[in-house]
Colleague: 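Pasting in a structure now, in structure tokens, and then I'll have a few things to ask.
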Amino acid sequence: MSEQKPPRYKPYDHPAGGWGAAGATAKVLLEQSVVTKGSRALLAMNQPGGFKCPSCAFPDADHTRKLEFCENGAKALAWEATKNRIERGFFAEHSVTELMAQSDYWLEMQGRLTEPMRYDAATDHYVPCEWDEAFALIARHLQALDSPHQAEFYTSGRTPNEAAFLYSIFVREFGTNNFPDCSNMCHEPTSRGLPPAIGVGKGTIVLGDFDDAEAIFVMGQNTGTNSPRMMTNLVDARKRGIPIVLVNPMPERALIRFAEPQDVVQMATFGSTPISSEFVQVKIGGDLALIKGMMKVMFEREANGEPVLDEAFLAEHTVGLEAVREDALAQDWDEIERVSGVKQEQIRRVAEIYIRSNATIICYGMGLTQHQQGSRLLQQVTNLLLLRGNFGKPGAGIGPIRGHSNVQGDRTVGIDEKPSQRYLDRVRDVFGFEPPREHGHHVVESVEAMMNGQAKVFIGLGGNFIHAVPDTERSYAAMRGLELTVGIATKLNRGHLVHGRDALILPVVARSEWIRTPAGEQFVTIEDAMSNVTASRGVLEPASDKLMPEVEIVCRMAMATLPDSKVDWAAYMYDYAPIRDLIADVYPEIFAGFAERIQNPKGFHLDIPPRRRVWPTPNGKANFLVLPGLHVNDPVNDPDVLRLATVRSHDQYNTTIYSYNDRYRGVYNDRMVLFMNIEDRLARGLEKEALVSIETVSDDGISRRIDGLTVLDYPMPRGAIAGYYPELNPLLPLDHYDRISGTPAAKSIPVRIAAL
């Protein structure tokens with residue numbers, strides 16, 4: 001691989017998408033030497049009979065288009081379809097210590113893992129091992145624990161429903177509910193915050209609602225990078241004249257102007273579509289104040305006799321309105337403006353857009369969830385929607401735009417550290433063992449258990465856990481204190497190098513690759529962010545004949561660990577149809593007839609009761625819930641303190657770095673940057689593109705500091721800065737998280753910066 005080029009910073013003035021996206025897609029296919037194979041696979045991605053994109057969880061369109069993929073989906077496919085291979089000679093050549101010195105980008109560029117590997121402490125190298133040897137090692141460690149609760153079982157969103165379901169059964173028969181998963185770090189506030197309000201921890205919209213919406217709000221979400229296929233729906237809405245309100249601290253190129261790569265006329269004429277009709281640039285954490293300002297406007301106008309609220313809906317379906325009205329009206333306009341960073345004039349203008357719309361969608365991302373009060377902030381979004389009856393009618397509802405493909409499905413089929421007693425009863429009745437009843441660990445609690453010596457074993461079903469979690473240096477030390485770490489993965493990542501005394505790397509079949517077993521070719525199922533369940537069938541030959549599908553890995557772990565198991569694991573190892581029957585047995589309300597329904601090429605939609613204006617809350621109503629005040633994070637009364645949000649670049653997906661570029665933000669060949677308001681820079685006496693250090697403000701006595709970041713002028717609100725994840729994770733204290741969901745508050749880290 002060539003050395004990294006010198007950093008370059010140049011504003012990107014073109015529309016997002018368009019020829020830039022087409023060129024980036026072609027480039028990544030060429031870099032991974034998969035132009036022919038990758039192009040063929042792209043035609044099968046997100047199509048009936050094909051496989052689900054391994055990238056984001058946005059739903060498929062109506063399948064009338066032959067190309068149902070985006071730039072970042074193509075990158076994800078090229079990354080796993082690469083011709084590059086890591087074979088045993090690679091590990092013989094490189095010690096773990098040597099590999100730790102390499103960048104994450106370099107590690108992933110080495111290609112696909114091809115056979116099971118075991119860490120040899122005597123040589124500091126990974127060495128080949130047989131699959132049976134690997135499962136025997138896992139079993140020995142798990143059986144030697146004093147308590148099942150000393151093991152942590154992580155799940156990544158790339159895991160399909162069938163494997164996640166069996167994993168949940170295996171771990172519960174083993175005896176614990178320790179299920180830290182990737183949802184804990186992103187949309188867990190959705191799963192925990194929405195049920196008290198509307199009874200479900202999922203979104204209530206389907207793709208067709210974008211066609212019927214009269215207004216669309218996109219809050220705290222960079223659509224063009226994190227779910228680019230959604231841009232098609234936003235483009236169509238703008239062409240119909242539908243107002244789109246963007247709420248975000250950072251102006252994002254795709255939500256300003258977008259050229260759809262599949263629009264032949266637009267591509268031929270170098271045209272584009274303006275997306276946001278109103279950009280509301282809130283301060284970091286200012287969304288609550290904005291929402292309360294909008295509700296204050298509505299309640300004031302209601303008091304003056306205007307028919308602003310949906311009184312019939314409110315009377316029939318909701319409780320708690322008066323407390324929310326009292327709270328909103330009590331807020332002071334000067335304070336709303338100060339905390340939100342938005343002038344009263346614009347808040348009233350945005351409220352008018354909302355009031356005029358008879359069907360409104362509010363979509364959101366991690367800009368809302370990753371705060372200390374993220375779960376309760378989402379309840380305020382729900383309050384706003386309830387005021388005008390924006391549930392249970394076409395074109396309306398709440399839309400969490402989840403990231404990783406099937407992160408929602410994993411939760412649906414049992415990956416939950418806080419399972420309901422009803423679910424546990426069903427597991428007992430179907431499988432014949434008594435599952436543990438006490439709650440297990442989410443991600444933060446699992447790292448705490450490692451730090452205090454309680455946890456001894458970590459098994460990661462996909463993902464790059466150690467680079468996704470907060471407090472990097474402390475988390476590294478905690479992981480290295482474990483007895484065993486297991487990484488089930490397609491490619492090498494940092495988590496395989498920060499490991500326990502014993503460690504395994506187990507290579508798995510990728511989403512785009514076929515699964516052929518003694519029972520025939522198998523398919524898996526995926527649930528998207530709008531509760532659609534569809535089949536996924538890989539079309540490429542696996543990268544190695546020594547890879548193993550996730551389902552078989554889970555079954556073999558269970559068989560080795562639980563020799564007296566009440567579950568017939570061998571019956572599910574090769575034939576996935578009986579697994580889906582078991583899912584239907586455990587979840588009869590939503591998965592009844594799973595085997596028949598999944599034969600529909602378009603899949604099927606899981607029932608979301610609020611779409612029918614049915615509220616599965618304890619009182620059977622939609623509940624208005626109050627979050628007092630205007631702050632979603634602990635305030636810091638120091639004018640020198642800035643709020644840091646960690647963000648992803650356009651050439652990145654989760655912890656996977658596709659390149660050192662972020663073209664929409666004008667950054668090339670660099671990731672160690674800070675985006676900063678020019679007035680904040682000048683106030684601190686910093687030169688343009690100065691090198692700075694950044695240090696977290698905390699009261700726990702732990703120093704968290706990163707040196708060597710380049711300050712870039714960017715139209716941020718005063719007091720707000722942004723930088724890349726996971727490079728800035730060392731600044732995020734483990735204790736800085738939402739107490740309801742356990743989600744780290746990565747979008748609002750209090751920091752100070754200083755020139756080097």
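Sequential numbering from 1 along the given sequence is applied to the chain's residues.
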Colleague: Could you check whether the rings of His650 and Tyr664 sit parallel, tilted or perpendicular, using 30° and 60° as the cut-offs?
Modeller: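 Geometry flag for Tyr664 against His650: tilted rings.
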Colleague: Test side chain to side chain contact (heavy atoms under 4.5 Å, CB included) on Arg643 and Val636; report intermediate values, then the result.
Modeller: CA-CA 10 Å; Arg643 289 283 180 176; Val636 178; 3.8 Å; yes
Colleague: Once you round to the nearest 0.5 Å, how far does CE of Met230 lie from CZ of Phe58?
Modeller: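 It is 5.5 Å, given to the nearest 0.5 Å.
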Colleague: Within 45 degrees of the ring normal and closer than 6.0 Å to the centroid, is that where the cationic atom of Arg597 sits relative to Phe594?
Modeller: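 Geometry flag: not set, cation outside 6.0 Å or 45°.
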Colleague: To the nearest 0.5 angstrom, please state how far the CD1 atom of Ile749 sits from the CG atom of Leu644.
Modeller: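 One gets 4.5 Å once the value is rounded to the nearest 0.5 Å.
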Colleague: Is a side-chain donor or acceptor of Asn177 paired with a backbone partner of Glu438 at a separation under 3.5 angstrom?
Modeller: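 Pair found, side chain donor or acceptor close to backbone of Glu438.
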Colleague: Give me the ring orientation class for Tyr364 and His187: parallel if the planes are under 30° apart, tilted from 30 to 60°, perpendicular past 60°.
Modeller: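 Tilted.
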Colleague: Excluding sequence neighbours, so at least two apart, what forms side-chain contact (heavy atoms from CB on, under 4.5 Å) with Pro180?
Modeller: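 For Pro180, the residues satisfying side-chain contact (heavy atoms from CB on, under 4.5 Å) (neighbours in sequence not counted) are Glu152, Tyr154, Asn184, Val443, Ser446.
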Colleague: What residue among Arg356, Arg348, Arg349 forms side chain to side chain donor-acceptor pair (under 3.5 Å) with Glu352?
Modeller: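 Checked Arg356, Arg348, Arg349 against Glu352; only one passes side chain to side chain donor-acceptor pair (under 3.5 Å): Arg356.
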Colleague: Go through the side-chain N and O atoms of Thr155 and Asp410 and say whether any donor and acceptor fall under 3.5 Å apart.
Modeller: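 On atom types as modelled, these side chains do not qualify, holding no pair under 3.5 Å.
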Colleague: Donor-acceptor pair, distance only, cut-off 3.5 Å: does the side chain of Gln281 make one with the backbone of Pro249?
Modeller: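 Yes: the side chain of Gln281 pairs with the backbone of Pro249.
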Colleague: Can a donor-acceptor pair be found between the side chains of Arg648 and Asn654 at a distance below 3.5 Å?
Modeller: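 Distance-only check passes for Arg648 and Asn654.
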Colleague: Is there a donor-acceptor contact under 3.5 Å from the side chain of Glu527 to the main chain of Thr534?
Modeller: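 No: the side chain of Glu527 does not pair with the backbone of Thr534.
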Colleague: I'd like to know whether Arg172 forms a salt bridge (Lys or Arg N to Asp or Glu O under 4.0 Å) with Asp416, so could you lay out the CA-CA distance, the side-chain angles of the two residues, the decisive distance to 0.1 Å, and finally the verdict.
Modeller: CA-CA 11 Å; Arg172 291 196 166 98; Asp416 189 348; 5.9 Å; no
Colleague: Checking Asp287 against Lys283 for the salt bridge (Lys or Arg N to Asp or Glu O under 4.0 Å) test, could you report, in this order, the C-alpha distance in whole Å, the side-chain angles of both residues, the deciding distance, and whether it holds?
Modeller: CA-CA 8 Å; Asp287 307 89; Lys283 289 182 177 179; over 6 Å; no
Colleague: Taking the cut-offs as 6.0 angstrom to the six-membered ring centre and 45 degrees off its axis, would you call Arg613 and Phe391 a cation-pi pair?
Modeller: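 No, a cation-pi geometry is absent between Arg613 and Phe391.
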Colleague: Ring pair (Phe, Tyr, Trp, His ring centres under 6.0 Å) between Phe165 and Phe591: does it pass, once the steps are laid out?
Modeller: CA-CA 13 Å; Phe165 175 76; Phe591 278 109; 8.9 Å; no
Colleague: Between the side chains of Lys202 and Thr412, does any donor sit under 3.5 Å from an acceptor?
Modeller: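 Yes, Thr412 and Lys202 have a side-chain donor paired with an acceptor closer than 3.5 Å.
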Colleague: Output, in order, the C-alpha distance, side-chain angles, deciding distance and verdict of ring pair (Phe, Tyr, Trp, His ring centres under 6.0 Å) for Tyr423 and Tyr587.
Modeller: CA-CA 8 Å; Tyr423 158 77; Tyr587 300 96; 5.7 Å; yes
